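Note that ligands are numbered from 1 as they come in the structure, with each ligand's atoms numbered from 1 the same way. Note that the structure is a prediction, hence the values are computed from the model and not measured.
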Amino acid sequence: MLSRLQQFAWASFFSLSFLVSSFSSSLAANAAASPPNFNNCLFRDLWEYSDLAVNQGQAGRGYTWGLESYGTYEESYTDAPTQQRLVQYFAKSRMELAGDGKSVTTGLLTKELVSGLVQEGDNSFRQLAPATIAVAGDATSDNPSPSYASFKAVVSLSPTENRAPAQPGQLVTAALNQSGQVTTLANLPAQVKIGGYRPELGHNVPEIFLKFQSAQGKVWQNGWQQSFVYTADPTSNVFGLPISEPYWVQASVGGQLLPVLVQLFERRILTYTPSNSPEYQVEMGNIGQHYHLWRYNGVPGPQTSACAIDLTAHSQSGTVRTPRAPVNCAVAKCIALTYDDGPTAYTPMILDALKARSAVATFFVLGDKLDYFKPTLNRILQEGNEIGNHSWSHPHLPKLSAGQVRSEIQRTQDKIKLLTGYLPLVMRPPYGETNPTVARNVGLPQILWSVETFDWRDSNTYLTTQRALAQARPGRIILMHDTHRSTALAAPAIIDGLQGQGYTLVTISELFDLANNPARLSAGQVVTAR
Ligand code: ZN
């Protein structure tokens, strides 16, 4: 059945990849094997973000890219400035350096494997045979899983091809076999519900895959952070659009025949294996490995040492916040000043007052202002204060869709990171408005307040000061706004007054000891005081 070329491919594949076949669960949970070297430091940064925690056994999820590099290449691409493009193959995908040399993309590998068309320019393609490689399970010739070629008759390579009607809430009952036949299962391996519909190519996506795409977890970004593992926007180019319906397939996994739910996306494959332990039930398919096998016959490509991971740099947090002497708020009389809606021209007045009194506060900033306030933002951190996320544009979050909520928060996280190197650990919803959808999607603890000064309403320095001092209690969080000059003018008297009452002014992270106990506040948790 196999052509000479395919036999060669399988044989060489086996010789190099016994490591790879045990990828998903076992390696992730066990001691770390060395990460690969990278062709470009942007590739390294991207790998580190999602896969370093997996590699260190700290993630409770599978790899996004994979442990092994299959090779680095200059692939010809007619529309690139040099007509070549720097790429590197991993088990789960291919990284590509964009033409500007400043960003990384991934290819539409699934489309190429199913159609047989290798993309060599924005509009130029080379025809190979569609890949007869199993989409799920073992890389063995007796694996009964459908191959990429098996999907050819059911995928949408254009918006008019094989569209499915929206089926929200329905169970996935369709099965696909190696010859591409679709049947309806009477006995379902698991109850998997459709959770959403992508209208572009007309395909349903199971709830479990949607949940996976927007999952949050431990990531490395200038320090260990809790954030979206893949993307705040599931339609972004991490996965691409779904090009098939989800199908149950029979696949040989570690030599065992198992039902696996498979769905093809433009750039990735997602699999759901009901018999896996919960954290590894949904995984990325090994599409980078399959693609490399198809296009390069699995012959390992050139390796690189251009950019390596410095593991020692990851043993400490990489934030630029100036460390302060530890405060134990279980013993000390702590209180937290918070300033919302900035930064503004008044923010430095507050910073001056804090610094002169060795006090700190937390600034919940708006993303869409930040480009104008880079020096202020960095000063906030350098003087030991904390930056929190107050959304991008100050909307009423409960009125937004889940995707819009994620975007409001993630864009702001990205901007703060870009301008300071620091990624906030806490957020405050605008107007203090939240609901369960907001809570599920903000990805950070929601810090509200226990003392309202009405500084925004009264713009009165005296009243703001009096209200802050009169309601002070250990563990409380005081709300103010650095958008008001009257508030900035109140800062010296408020700080003096609180310190005179024996209070230690701390940041939100200090109030909850997040440095030593990052799990003390969970993503979405609503917090009003210690
Ligand atoms: Zn606000």
- Query: Measuring from T487:OG1 to I350:CD1, what's the distance to the nearest 0.5 Å?
  - Reply: 7.0 Å
- May I ask you to check if R44 and F38 form a cation-pi contact, with NZ or CZ under 6.0 angstrom from the six-membered ring centre and within 45° of the axis? no
- Query: Does R268 count as lying over the ring of F265, i.e. NZ or CZ under 6.0 Å from the six-ring centre, within 45 degrees of the axis?
  - Reply: no
- Query: Given the rule in the salt bridge (Lys or Arg N to Asp or Glu O under 4.0 Å) test, do E96 and R94 qualify, once you have shown the distances and angles that lead to the verdict?
  - Reply: CA-CA 6 Å; E96 308 170 358; R94 172 177 74 196; 2.7 Å; yes
- Item | With sequence neighbours excluded, residues passing salt bridge (Lys or Arg N to Asp or Glu O under 4.0 Å) with R411 | none
- Item | Any F364 side-chain heavy atom under 4.5 Å of P424 side chain | no
- Item | Distance filter under 2.8 Å, centred on the Zn ion (ligand 1) - protein N, O or S atoms that pass it | D341 OD1, H390 NE2, H394 NE2
